[in-house]
Chemist: 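I have a structure here, written as structure tokens, and I will follow up with some questions on it.
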Amino acid sequence: QLGLLEVDEGRTDEGLSLLQQARREAGVRRDAEQQLAAITALGDVHWLLDRPTGARAYYDEGLRLAEAEHRMPFEA
């Protein structure tokens, strides 16, 4: 969650880049749990930046991923 810390410290572009990288790498490894964590964090960043449409898009994507991975616990 280094990406969230970067955003919190005012380095938004760096934080978003780190989170996108984590999302991509988790996808390559087929690590759905880490992919979901990165997607949720991206939604959180957009929410914190007052970008509700972007946040919702990431949260919806995370929900679809969690539903596809029936074994994965998630919060609605």
Side-chain angles (χ1 to χ4, degrees):
Q1 302 301 342
L2 181 60
L4 285 173
L5 291 173
E6 291 288 335
V7 171
D8 189 50
E9 293 180 6
R11 295 185 292 271
T12 304
D13 291 340
E14 293 90 342
L16 286 170
S17 178
L18 285 170
L19 290 169
Q20 287 288 4
Q21 180 181 353
R23 176 185 175 199
R24 280 191 306 275
E25 290 174 1
V28 168
R29 292 190 317 271
R30 298 183 185 264
D31 185 340
E33 214 170 296
Q34 287 300 310
Q35 195 174 9
L36 180 59
I39 291 168
T40 302
L42 283 161
D44 292 347
V45 167
H46 282 269
W47 182 258
L48 292 170
L49 294 174
D50 198 27
R51 299 176 184 169
T53 303
R56 170 129 189 181
Y58 282 111
Y59 293 146
D60 285 345
E61 180 182 348
L63 183 59
R64 286 190 305 274
L65 176 62
E67 288 172 339
E69 297 288 328
H70 296 288
R71 59 180 164 66
M72 189 184 315
F74 63 94
E75 294 180 20

Chemist: Let me confirm one number: the CG-CD distance from Asp31 to Glu25, rounded to the nearest 0.5 Å.
Modeler: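 Reported value, rounded in 0.5 Å steps: 11.0 Å.
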
Chemist: Are Tyr58 and Leu48 linked, directly or through intermediate hydrophobic residues, by side-chain heavy-atom contacts shorter than 4.5 Å (ILVMFWY only)?
Modeler: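 Different clusters: Leu48 never reaches Tyr58 through Ile, Leu, Val, Met, Phe, Trp or Tyr contacts under 4.5 Å.
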
Chemist: If the test is side chain to side chain contact (heavy atoms under 4.5 Å, CB included), which one of Leu42, Ile39, Leu36 qualifies with Glu61?
Modeler: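 It is Ile39, the one option of Leu42, Ile39, Leu36 that forms the side chain to side chain contact (heavy atoms under 4.5 Å, CB included) with Glu61.
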
Chemist: Show, in sequence, the C-alpha distance, side-chain angles and deciding distance for Arg56 and Asp60, and conclude whether the side chain to side chain contact (heavy atoms under 4.5 Å, CB included) test is met.
Modeler: CA-CA 6 Å; Arg56 170 129 189 181; Asp60 285 345; 3.4 Å; yes

Chemist: Measure across Gln35 and Ala26 and return the closest heavy-atom pair with its distance rounded to 0.1 Å.
Modeler: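 Distance-wise, the nearest heavy atoms are N-CB, 3.5 Å.
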
Chemist: If you look at every heavy atom in Ala55 and Gly43, which pair is closest and at what distance?
Modeler: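 In this case the closest contact between Ala55 and Gly43 is CB-O, 3.3 Å.
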
Chemist: Quick check against the 3.5 Å criterion: does Ser17 have a side-chain atom that pairs as donor or acceptor with the backbone of Asp13?
Modeler: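 No, because the side chain of Ser17 does not come within donor-acceptor range (under 3.5 Å) of the backbone of Asp13.
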
Chemist: Take atom CZ of Arg11 as the centre, draw a 6.0 Å sphere, and report whether it contains more than 12 heavy atoms from other residues, nucleotides or ligands.
Modeler: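 Yes, enclosed.
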
Chemist: Identify the two heavy atoms, one from Leu19 and one from Ala38, that lie closest to each other, and give their separation to 0.1 Å.
Modeler: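 Here Leu19 and Ala38 meet closest at O-CB, 3.9 Å.
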
Chemist: Regarding Arg23 and Gln20, is there a side-chain donor-to-acceptor distance under 3.5 Å anywhere?
Modeler: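 Note: Arg23 and Gln20 side chains meet the donor-acceptor criterion.
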
Chemist: Is Arg24 close to Val28 at the side-chain level, that is, under 4.5 Å between some pair of heavy atoms?
Modeler: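 Of all side-chain heavy-atom pairs linking Arg24 with Val28, none is under 4.5 Å.
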
Chemist: Quick check on side chain to side chain contact (heavy atoms under 4.5 Å, CB included): which of Asp8, Leu16, Thr40 does Val45 satisfy it with?
Modeler: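 Of the listed residues Asp8, Leu16, Thr40, the side chain to side chain contact (heavy atoms under 4.5 Å, CB included) partner of Val45 is Leu16.
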
Chemist: Looking only at heavy atoms, what is the nearest atom pair of Ala32 and Leu65, with distance?
Modeler: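 Scanning both residues completely, I find the closest heavy atoms to be O-CD2, 3.8 Å.
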
